[in-house]
Peer 1: 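Input: one structure, supplied below.
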Number of protein chains: 2
Amino acid sequence: MKGTPVTIKDIAKALNISVSTVSRALRNMPEIHPNTRKAVMKLAETLDYQPNQLAKNLARSATKTIGVIVPNLSYYFFSAALSSIEDEALQAGYSVLVCQSNELHSREMINIQNLLRGQVEGLLISLARDTDDCAHIERLLQKNIPLVLFDRHVNHLDAAKVIVDNHAAAFKATEHLIEQQCRRIGFLAGPPNLLISSQRLAGYLAALEKHGLASGPEMVFHCDYTPENAVAQVLAMTRQQPDGILTVSDRVAFPAINALKKAGFRIPDDLAVVSFNNEPNCEFLTPSLSSIEQPIEQMGRESVRLLRQQMETEGELLPKTTRVFDTRLIVRESSLRNN
Amino acid sequence: MKGTPVTIKDIAKALNISVSTVSRALRNMPEIHPNTRKAVMKLAETLDYQPNQLAKNLARSATKTIGVIVPNLSYYFFSAALSSIEDEALQAGYSVLVCQSNELHSREMINIQNLLRGQVEGLLISLARDTDDCAHIERLLQKNIPLVLFDRHVNHLDAAKVIVDNHAAAFKATEHLIEQQCRRIGFLAGPPNLLISSQRLAGYLAALEKHGLASGPEMVFHCDYTPENAVAQVLAMTRQQPDGILTVSDRVAFPAINALKKAGFRIPDDLAVVSFNNEPNCEFLTPSLSSIEQPIEQMGRESVRLLRQQMETEGELLPKTTRVFDTRLIVRESSLRNN
DNA sequence: TTGTATGCGTTATCAT
DNA sequence: ATGATAACGCATACAA
């Protein structure tokens with residue numbers, strides 16, 4: 001017996017007033033008499049009245065809820081981002097509904113369907129690695145559903161975005177390797193269709209070119225982000241005799257470095273390594289791992305702000321702002337040679 | 001212009017039938033005529049009808065949503081657990097509302113309030129480290145709100161629980177260290193009030209006692225899970241000249257081992273280490289880290305199942321089952337000595 | 001300042 | 001097999 005929850009009707013009956021008065025009192029509307037308000041408040045308190053959000057939402061047709069879809073919460077980047085997203089949303093009075101796509105385009109579509117059924121007012125999406133066809137996203141844009149793309153996006157979509165300057169970051173990281181006397185620098189990339197990966201690839205190539213260093217596809221190896229594949233690809237790369245490696249993510253750098261060490265390479269002396277994401281554990285590896293830090297918390301907060309802008313301005317179409325954040329190279333042992 | 005969403009009323013009007021017929025057709029009720037059903041379905045399709053979940057829920061007073069509260073999603077254990085929780089819930093037709101307590105008792109209470117307002121039908125909670133006073137949980141139990149405590153619980157609460165046998169796990173890990181010829185084994189524990197930590201402490205002490213090894217409070221050091229504090233405590237421990245260390249979690253083991261290595265200790269030869277959680281990165285440390293593996297996915301799924309049992313059996317009080325899972329010690333380099 | 005009536009979109013209970 | 005109509009709990013325009 002869950003004990004029928006108390007409603008404003010119960011309060012109204014007990015106080016011999018109308019439900020509308022109770023409703024107004026509860027919401028602190030100015031027009032109602034201090035005494036009645038006090039009485040209502042008090043009774044609500046003692047009865048432990050809990051407003052039914054469902055009814056509230058239905059009546060106002062507004063849910064104060066945003067939906068978030070990320071590829072996988074066990075990736076550091078996304079779980080960290082979600083912390084700030086949730087925080088920012090809660091402060092603004094929104095609830096957060098979280099889904100994982102598991103990097104699957106199909107799951108992403110299902111999630112979107114579910115969230116819209118659940119009546120979220122806006123969507124914060126970081127696309128699945130699997131996602132090439134963005135028809136489902138374009139449908140959202142057409143329907144004018146508030147939407148912010150976060151980190152994982154695609155270029156041709158005209159949506160609000162919160163991203164980092166991956167090109168500049170990779171450029172910076174590569175130049176750092178060059179400064180450390182690396183002359184044959186390899187790139188352990190992600191899947192070719194993953195935008196952040198290809199942007200980093202472009203930045204890497206640009207840096208090589210600027211410094212007149214040979215650069216060809218023979219130094220670029222794509223992996224699918226699994227540890228096994230990362231190891232296989234980086235070992236394949238060693239046949240090209242690199243003296244420096246840029247990896248697309250700490251998640252692939254960790255197993256790759258481990259394999260390199262086992263294969264007898266000394267890091268950073270034989271092979272200097274710089275990575276992306278600056279996960280907390282970078283510090284605890286041996287050698288500690290140099291990595292590109294992204295302002296995750298800021299990015300999370302900014303995403304929510306952009307989304308609120310869209311949700312809270314009725315009708316009028318906002319320009320699709322793209323917020324690009326800068327990154328910071330954290331230099332650690334893996335790329336610091338005693339020159 | 002978001003274009004007013006189409007409702008069953010629209011469909012009814014267009015087809016010149018009543019809303020109830022439409023409603024029934026849409027829900028595949030047996031009594032309605034195949035032809036009308038077909039017509040309704042077809043029109044719903046072409047009009048891209050999306051049922052309003054809010055109204056549905058209000059009418060049935062059922063939300064098909066469960067709330068999950070975890071201390072922090074950027075802890076591997078919880079993000080991994082959430083993956084399976086979400087999966088299992090989705091399969092059963094439930095949505096998942098996720099909140100983080102940030103290890104704060106106060107935030108935990110707010111989250112519970114919010115979730116109940118949002119009309120979740122059940123709650124899956126992993127208590128904040130901060131939580132001593134469980135009055136808020138007991139209130140849920142009294143109100144008979146479906147609830148499952150997950151991993152982080154407290155003994156005196158009579159609630160459904162999904163946990164691991166921490167005592168046995170610590171016992172097993174400690175015996176392994178003893179087999180590796182460790183004779184002075186320290187325990188880098190969590191905060192004293194954290195149940196999983198004190199259970200592990202008890203298992204550790206029991207193993208020492210069984211093997212007739214000295215054990216006193218001078219070998220137990222509590223840390224607050226921050227890297228800095230973990231380092232400070234483990235360095236303090238070294239003054240007791242341990243030859244083996246059990247750590248309460250990989251999260252504290254990573255920085256601790258790093259500090260030990262910097263302080264000149266060889267692992268495992270001077271100091272063998274076993275930890276808890278078996279995070280993926282255990283494998284990529286140098287030396288790789290021995291750790292207790294918990295069946296996270298199974299635990300997540302089982303939690304949802306237990307919760308569904310409660311949610312889906314009206315009224316009758318179910319016994320508060322406690323499901324205890326076994327763990328597995330994954331032995332790696334950090335505790336493997338060449339005897 | 002308060003009450004009445006109606007609507008939000010759907011389900012459920014009567015009828016027919 | 002279908003239709004009216006009343007819930008569900010709250011908000012709100014309009015009256016009083």
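Letters A, B, ... are given to chains in the order of the sequence lines, protein chains preceding strands, and every chain is numbered from 1.
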Peer 1: Would you say Thr7(B) places a side-chain N or O within less than 4.0 Å of OP1 or OP2 belonging to dG9(C)?
Peer 2: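 Indeed not, no polar side-chain atom of Thr7(B) lies that close.
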
Peer 1: Quick one: Ile8(A) CD1 to dT2(C) C1', roughly how many Å, whole number?
Peer 2: 14 Å

Peer 1: Within this structure, what is the CG-OG distance for the pair Asp130(B) and Ser106(B), rounded to the nearest 0.5 Å?
Peer 2: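 Reported to 0.5 Å precision, the distance equals 7.0 Å.
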
Peer 1: Within this structure, what is the CG-to-C1' distance between Leu54(A) and dC8(C), rounded to whole angstrom?
Peer 2: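 Spelled out: CG on Leu54(A) to C1' on dC8(C) is 12 Å.
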
Peer 1: Heavy-atom distance under 4.5 Å between the side chains of Tyr75(B) and Gln100(B), does that happen here?
Peer 2: no

Peer 1: Rounded to whole Å, please give me the gap between CZ in Arg60(A) and P in dG9(C).
Peer 2: 15 Å

Peer 1: Looking at Arg27(A), I'd like to know whether one of its side-chain N or O atoms comes within less than 4.0 Å of OP1 or OP2 on dA11(D).
Peer 2: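 Yes, within the criterion.
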
Peer 1: Would you mind reading off the distance between Leu58(A) atom CG and dA11(D) atom C1', rounded to a whole angstrom?
Peer 2: 10 Å

Peer 1: Using a 4.5 Å cut-off on heavy atoms from C-beta on, say whether the side chain of Glu302(B) contacts that of Met299(B).
Peer 2: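 No, side chains not in contact.
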
Peer 1: Answer yes when Glu45(B) and Lys42(B) have at least one side-chain N-carboxylate O distance shorter than 4.0 Å, and no when they do not.
Peer 2: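 No, Glu45(B) and Lys42(B) are not salt-bridged.
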
Peer 1: Heavy atoms from C-beta onward define the side chain here; which of dC10(D), dT2(D), dT11(C) lies closest to that of Ile32(B)?
Peer 2: dT2(D)

Peer 1: Given dT2(C), dC10(D), dT2(D), identify the nucleotide with an atom nearest to the side chain of Glu31(B).
Peer 2: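 Of the candidates, dT2(D) comes closest.
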
Peer 1: Please state how far atom CE in Met29(B) lies from atom C1' in dA1(D), giving the value in whole angstrom units.
Peer 2: 12 Å

Peer 1: Hey, does the side chain of Ser20(B) come within less than 4.0 Å of dA4(D)'s phosphate (OP1/OP2), counting only N and O?
Peer 2: no

Peer 1: Considering just the side-chain nitrogens and oxygens of Thr36(A), establish if one lies under 4.0 Å of OP1 or OP2 belonging to dT2(C).
Peer 2: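 Checking dT2(C) against Thr36(A), a side-chain N or O does come within under 4.0 Å of OP1 or OP2.
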
Peer 1: Between dG9(D) atom C1' and Tyr49(A) atom OH, what is the distance in whole Å?
Peer 2: 8 Å

Peer 1: In whole Å, what is the span from the NZ atom of Lys64(A) to the P atom of dC10(D)?
Peer 2: 19 Å

Peer 1: Measure across Leu149(A) and Ala159(A) and return the closest heavy-atom pair with its distance rounded to 0.1 Å.
Peer 2: CD2-CB, 4.2 Å

Peer 1: Can you check the Asn16(A) CG to dT1(C) C1' distance for me, whole Å?
Peer 2: 16 Å

Peer 1: Is there, by distance only and without an angle test, a donor paired with an acceptor across the side chain of Arg24(A) and the base of dG3(C) below 3.5 Å?
Peer 2: yes

Peer 1: Reading DNA chain D from 5' onward, which residue's closest nucleotide shows up sooner: Arg37(B) or Asn52(A)?
Peer 2: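 So the residue in question is Arg37(B).
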
Peer 1: Side chain of His33(B): nearest nucleotide among dA11(D), dA1(D), dC10(D)?
Peer 2: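 Within the option list, the nearest is dA1(D).
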
Peer 1: Between Thr21(A) and dT2(C), is there a contact of a side-chain N or O with OP1 or OP2 at under 4.0 Å?
Peer 2: no

Peer 1: Between Pro34(B) and Ala59(B), which is nearer to the 5' end of DNA chain D once each is assigned its nearest nucleotide?
Peer 2: Pro34(B)

